[in-house]
Amino acid sequence: MRPKVIATDLDGTFLDENGHYNQHRFDAQLAALARREIRFVVTTGDPLDHVQALFAPLANRVTLTYIVEDGALTVTGTGEQLQSQAIAPQDWQAAVTWLKTAPIMADCFVIVCGRDRAYTELPATSQRFQASQASYPSLTSVSDLLQVTDAILKIDVTWLKTDVVAQVAAFNQHFQNHLVGTSSGLGGMNVTLPLVSKAAALLALGRIWGVLPEQMAAFGDSGNDHAMLEMVGQGFAVANADPAIITGNIQRLPTNNQLGAVGQQIDQWLV
């Protein structure tokens, strides 16, 4: 069945391992989807400036809607902000303090994310800072994260390892009912408010547009996509997805992000 809304994660799902996608093909698909009145939603833990730059070359970029910071912010392709949910200063500051001192969180890198700028204590000259700029173009080095005054939407925590199950569990046990940590793949954990998620933001868009969850399709590869994939009528995990997210009616696609799995499925709907 052809959906009325298509949503996709970016890293590990829509984008290849170098963060690229077939721009010509996707631009043509967006035009075809618009003719059929099918909406396309980008759902990602990445910040707004990163996704806007990623799709800036497309002629049909205004048809996109962006759910960024793991659901904490929703903005249309024309720049209209539809929703924003910031973490109370005392809560994100408590989380940052704990992340920097709890033994199980040792060796983590912390970025706090505002709407238009992200902050870290990493030196701007460090290799890790420069690598992080690929996802956070407006990343700013500060001497003390606790002195940041921006409204913070998300905390991005990463390690130089891939298995962070224990870290996610420990965070959620410590901050239950206040904040939620979710695996973001690639050795990362995203921290948001408890009711903030890609699924919740997509559901809110559906209410605005008059589209039921069963009329939606979504693609993902990791823990922060799971609720979204379960919520929609057609949930797809790319072939390279974390096996733990394949539950219920979620389908595993035969191809991975490297081979353009999302684009192949869109082509099937456009036939």
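These numbers come from a predicted model, not from an experiment.
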Inset, instruction - Assert yes or no for the condition that the ring centre distance of Phe14 to Phe219 is strictly below 6.0 Å. - result: no

Inset, instruction - Determine whether the aromatic ring centres of Phe40 and Phe55 lie less than 6.0 Å apart. - result: no

Legend entry - Pair Glu121 + Lys100, salt bridge at N-O below 4.0 Å: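 The answer is yes: the pair qualifies as a salt bridge.
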
Inset, instruction - Considering only NZ, NE, NH1 and NH2 on the basic side and carboxylate oxygens on the acidic side, decide whether Arg115 and Asp150 come within less than 4.0 Å. - result: no

Inset, instruction - Decide side-chain contact (heavy atoms from CB on, under 4.5 Å) for Val5 and Ile38; before the verdict, give the C-alpha distance in whole Å, the side-chain angles of both, and the deciding distance to 0.1 Å. - result: CA-CA 6 Å; Val5 172; Ile38 300 172; over 6 Å; no

Inset, instruction - Could you give me the CA-CA distance, side-chain angles and deciding distance for Leu146 and Val148, then say whether side-chain contact (heavy atoms from CB on, under 4.5 Å) is met? - result: CA-CA 6 Å; Leu146 301 184; Val148 170; over 6 Å; no

In terms of side-chain heavy atoms, does [X] have a donor or acceptor partner in [Y] at a distance below 3.5 Å?
{"X": "Thr13", "Y": "Asp221", "answer": "yes"}
{"X": "Thr247", "Y": "Glu230", "answer": "yes"}
{"X": "Asp156", "Y": "Tyr136", "answer": "yes"}
{"X": "Ser138", "Y": "Arg117", "answer": "no"}
{"X": "Glu17", "Y": "Asn257", "answer": "no"}
{"X": "Arg128", "Y": "Thr120", "answer": "no"}

Rounded to the nearest 0.5 Å, how far apart are [atom1] of [X] and [atom2] of [Y]?
{"X": "Tyr66", "Y": "Asp46", "atom1": "OH", "atom2": "CG", "result": "12.0 Å"}
{"X": "His50", "Y": "Leu139", "atom1": "NE2", "atom2": "CG", "result": "13.0 Å"}
{"X": "Leu54", "Y": "His20", "atom1": "CG", "atom2": "NE2", "result": "9.0 Å"}
{"X": "Asp70", "Y": "Thr192", "atom1": "CG", "atom2": "OG1", "result": "6.0 Å"}

Inset, instruction - Determine whether more than 12 heavy atoms belonging to other residues, nucleotides or ligands lie under 6.0 Å from atom CD of Gln90. - result: yes

Legend entry - More than 12 heavy atoms from other groups under 6.0 Å of CG on Asn18: yes

Legend entry - Co-membership, hydrophobic cluster, residues Leu229 and Leu212, 4.5 Å side-chain: no

Legend entry - Side chain to side chain, Leu160 and Asp107, heavy atoms closer than 4.5 Å: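 Side-chain contact under 4.5 Å: no.
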
